[in-house]
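Contents: one structure, followed by commentary.
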Amino acid sequence: MIQGYSFELITGPMSCGKTEELLRRIRRCIIAKKKVKVISPDVDTRTKGDYIESRNGLWLDAIKVKHSIQILSIVKPEDEIVAIDELQFFDSNIVKVISKLMQDGKRVIGTGLELDFKAEPFGSMPELMCIATSVDKLHAVCMKCGCDEATRTQRLIDGKPADKNSPLIMIGGDETYEARCIKCYELPDSHPKEKRGLRLLQFEHK
């Protein structure tokens, strides 16, 4: 059994079961009579109350916070397990906060999207993956072709893939996001004539 001084990170695209896995681990801790503190960012408004909920209906009471530094005042010395959902939504101080919790002997379990809807690193997730003592990358079922290797989060607006200029954070459920494999993932450019970041290399034959 993993004791304190650890940070278990559960990551993957939308609909891969991150929160479900977090709840499973929390419930095992509760059964073992461990003192658990569950935390969620208040920017995640998909739930209307102070709790986290998985897509299969499992839920657990949680404390919602705005700034990551608040977590240090919420977690008490007697708390043994600190579970944090949706890490990608927290400010950059979340890396220092989790490092401090580990130094204090806490077992930290967190979830987060490693990639945003543009398939780019999301928030502080790259740094969190580096300091994690274990990382579990979950896959989802691709909602377009049905394979079980979906690693991307497809944002949909009016049923069509959102373009790259869409806002970074847009809270939504299955009507706004779906899991896609790399082959089926789409990211339209609303300015197709602007080939930003692309370079054509020409080779001269001598």
Side-chain angles (χ1 to χ4, degrees), residues 2 6-32 34-66 68 70-71 74-75 79-91 94-95 97-98 101 106-117 119 121-126 128-129 131-143 148-156 168-180:
I2 299 176
S6 65
F7 171 34
E8 305 160 43
L9 181 57
I10 306 163
T11 187
M14 293 280 283
S15 304
C16 69
K18 297 185 298 297
T19 301
E20 181 180 350
E21 174 61 18
L22 178 68
L23 290 170
R24 186 189 71 83
R25 298 187 194 186
I26 294 172
R27 293 187 186 281
R28 288 177 65 88
C29 293
I30 293 174
I31 292 172
K34 301 292 185 181
K35 294 186 180 298
V36 182
K37 190 69 57 88
V38 184
I39 297 167
S40 175
D42 68 354
V43 69
D44 187 359
T45 56
R46 288 172 298 173
T47 58
K48 302 304 180 182
D50 293 338
Y51 59 92
I52 60 175
E53 183 178 16
S54 66
R55 278 178 164 72
N56 65 357
L58 297 176
W59 65 275
L60 201 64
D61 290 333
I63 300 172
K64 293 198 172 185
V65 301
K66 185 173 185 178
S68 60
Q70 294 175 263
I71 296 174
I74 291 171
V75 176
D79 291 324
E80 301 169 89
I81 318 293
V82 181
I84 310 175
D85 201 26
E86 304 291 359
L87 285 165
Q88 77 278 356
F89 288 142
F90 283 100
D91 55 84
I94 190 63
V95 179
V97 167
I98 291 181
L101 292 172
K106 309 299 183 184
R107 175 187 173 188
V108 183
I109 313 172
T111 73
L113 289 166
E114 59 182 327
L115 300 174
D116 60 24
F117 80 98
F122 205 150
S124 297
M125 287 299 290
L128 292 173
M129 292 177 75
I131 69 170
T133 53
S134 69
V135 177
D136 290 304
K137 298 182 69 172
L138 307 183
H139 292 173
V141 174
C142 177
M143 298 305 292
D148 60 358
E149 294 295 324
T151 58
R152 301 291 187 265
T153 298
Q154 183 75 64
R155 176 182 289 172
L156 301 173
L168 176 60
I169 296 178
M170 183 182 293
I171 305 300
D174 293 338
E175 76 287 352
T176 309
Y177 295 98
E178 64 180 27
R180 296 270 184 101

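Values in this document were obtained by computation on a predicted structure and should not be read as measured data.
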Work out which heavy atom in [X] is nearest to a heavy atom in [Y]; give both atom names and the distance.
| X | Y | answer |
| --- | --- | --- |
| Gln88 | Leu113 | OE1-N, 3.0 Å |
| Glu86 | Thr111 | N-OG1, 3.1 Å |
| Val75 | Lys37 | CA-NZ, 4.4 Å |
| Pro41 | Asp85 | CD-O, 3.1 Å |
| Leu9 | Met129 | CD2-CG, 3.5 Å |
| Leu128 | Phe7 | O-CE2, 3.4 Å |

Subject >> Verdict with reasoning, Asp61 to Val38, per side chain to side chain contact (heavy atoms under 4.5 Å, CB included) >> reply: CA-CA 7 Å; Asp61 290 333; Val38 184; over 6 Å; no
Checking the side chain of [X] only, and the main-chain atoms of [Y] only, is there a donor and an acceptor separated by less than 3.5 Å?
| X | Y | value |
| --- | --- | --- |
| Thr153 | Pro13 | no |
| Glu80 | Lys34 | no |
| Asp91 | Ser68 | yes |
| Thr11 | Gly112 | yes |

Original post:
So do Ile94 and Ile71 actually touch side chain to side chain, heavy atoms under 4.5 Å?
Top reply: yes
**OP:** Flag the pair Phe90 / Val97 as yes when at least one side-chain heavy-atom distance between them is below 4.5 Å, and no otherwise.
**Re:** no
Out of curiosity, [X] [atom1] to [Y] [atom2], how far, rounded to the nearest 0.5 Å?
| X | Y | atom1 | atom2 | result |
| --- | --- | --- | --- | --- |
| Ile39 | Leu87 | CD1 | CG | 10.0 Å |
| Ser6 | Ile81 | OG | CD1 | 7.5 Å |
| Cys142 | Gln154 | SG | CD | 9.0 Å |
| Leu23 | Arg28 | CG | CZ | 14.0 Å |
| Lys18 | Ile10 | NZ | CD1 | 9.5 Å |
| Lys106 | Lys35 | NZ | NZ | 11.0 Å |

Original post:
So does Arg24 pair up with Glu20, basic N to acidic O under 4.0 Å?
Top reply: no
Original post:
Salt-bridged, Glu8 to Arg107, with N to O below 4.0 Å?
Top reply: yes
Original post:
Is the count of non-hydrogen atoms from other residues, nucleotides or ligands lying under 6.0 Å from Met143 atom CE greater than 12?
Top reply: no
